[in-house]
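Lettering of chains follows the sequences in order, A, B, ..., and the numbering in each one begins at 1.
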Number of protein chains: 2
Amino acid sequence: MTQRSTRQREVIRDVFRTSDRPLSTQEVLHAAQVHKPGLGIATVYRTIKLLSAAGWIDTVRLPGLPPRYELAGRPHHHHFYCNHCGRAFEVPGSQPLLDALVPSGFVLEHHDLVLYGRCATCALATA
Amino acid sequence: MTQRSTRQREVIRDVFRTSDRPLSTQEVLHAAQVHKPGLGIATVYRTIKLLSAAGWIDTVRLPGLPPRYELAGRPHHHHFYCNHCGRAFEVPGSQPLLDALVPSGFVLEHHDLVLYGRCATCALATA
DNA sequence: GCGTTATTGAGATTGAACAACCATTGCTAA
DNA sequence: TTAGCAATGGTTGTTCAATCTCAATAACGC
């Protein structure tokens with residue numbers, strides 16, 4: 001016997017499946033507690049680590065903020081961070097001519113483009 | 001009397017003036033201690049806060065890493081982070097068509113493009 | 001010089017994210 | 001069913017960046 005299927009893990013996986021944006025541990029906790037009251041933060045951290053190790057979710061790192069997580073295997077995209085409500089969103093990816101930027105001798109492996117501003121909801125609310 | 005000119009602050013400003021890349025607090029500490037042995041980390045933090053408030057340096061935020069600092073007022077550019085030695089570098093800026101990426105209703109205020117890979121030194125060393 | 005007081009350095013402290021601990025709970029394979 | 005043990009939840013511990021404390025130091029106006 002190695003790995004068991006528990007209600008908590010089911011709920012957490014569902015949270016990711018039904019989200020269209022990357023989620024922080026706190027966001028996962030609150031969303032999961034709706035369907036499984038009493039679920040603890042320790043279980044969120046443990047399950048995220050499991051899902052991450054299994055390649056089921058990807059880690060999204062934003063400057064100065066705790067990491068967010070999203071379903072793995074999505075097509076190339078970037079992220080938009082709302083300065084007002086603190087939520088992260090997914091934006092369609094483009095492949096700009098990054099190679100032209102890389103200095104001679106440097107080897108490019110990966111890149112992150114993060115956009116900052118106001119999401120549609122917050123832009124309306126503070127217009 | 002309001003603000004004094006101390007050897008420590010002079011040294012820290014010189015560190016930034018003679019660097020061609022953004023520096024972390026630890027990098028500033030080590031570079032400054034060469035010219036002022038015994039200089040403490042608290043002074044680095046205090047001076048960085050001062051210089052930042054004065055608009056003399058800009059903060060460079062990298063995902064999942066403590067911030068770096070660089071002389072303010074440089075032309076538009078991006079940053080390259082070496083996964084091997086942990087140093088950040090400046091790369092020439094381009095203005096990609098970001099507006100096209102922003103979803104309808106969202107308001108774009110700022111953006112960060114970070115490249116990851118190996119700097120020239122580390123690429124050579126591990127080739 | 002001298003005295004005032006801004007500044008410093010070392011260590012203690014905070015705050016946040018996350019791991020570890022452990023008694024209890026509840027899958028699951030006979 | 002039920003025994004065995006993986007998983008949970010509440011809490012404490014750990015780690016690291018950054019701030020605070022405070023006695024000692026050193027700018028600088030006079």
Exceeds 12 heavy-atom contacts within 6.0 angstrom, atom CZ of A/Arg61: no
Distance, rounded to the nearest Å, where B/Arg46 contributes CZ and C/dG9 contributes C1': 7 Å
Residue whose nearest DNA chain C nucleotide is more 5′ - B/Ser5 or B/Gly38: B/Ser5
Donor-acceptor contact below 3.5 Å, side chain B/Arg9 vs main chain B/Arg4: yes
Side-chain N or O of A/Gln8 closer than 4.0 Å to phosphate OP1/OP2 of D/dG9: yes
Rounded distance in Å - CD (A/Gln3) to P (C/dC27): 15 Å
Under 4.0 angstrom between B/Thr6 side-chain N/O and D/dA26 OP1 or OP2: no
Integer-rounded Å distance: D/dA7 C1' and A/Lys36 NZ: 11 Å
Distance below 4.0 Å between B/Gln26 side-chain N/O and D/dC16 OP1 or OP2: no
Verify same cluster id: B/Ile41, B/Leu51 (apolar side-chain graph, 4.5 Å): yes
Of A/Leu50 and A/Ala42, the one whose closest DNA chain D nucleotide lies more 5': A/Leu50
Side-chain-base donor-acceptor pair under 3.5 Å for B/Arg4 and D/dG29: no
Atom pair distance, as rounded to whole Å: OH in A/Tyr45 and P in D/dT12: 17 Å
Whole angstrom value for the distance that separates P of C/dG11 from CD1 of B/Ile41: 14 Å
Touch class at under 4.0 angstrom, heavy-atom based, for B/Pro67 against every strand present: sugar-phosphate
Sugar-phosphate, base or nothing in reach of B/Arg9, heavy atoms under 4.0 Å: sugar-phosphate
Flag for B/Glu10-B/Ser5: side-chain donor and acceptor within less than 3.5 Å: yes
Nucleotide D/dT8, atom C1' - distance to NZ of A/Lys49 in whole Å: 16 Å
Value in whole Å for how far the P atom of D/dC28 lies from CD of B/Glu10: 9 Å
Nearest-Å distance for atom pair CG/C1', residues A/Leu39 and D/dA7: 11 Å
Path from A/Phe16 to A/Leu39 over hydrophobic side-chain contacts below 4.5 Å: yes
N or O in side chain of B/Thr25 less than 4.0 angstrom from D/dA18 OP1/OP2: yes
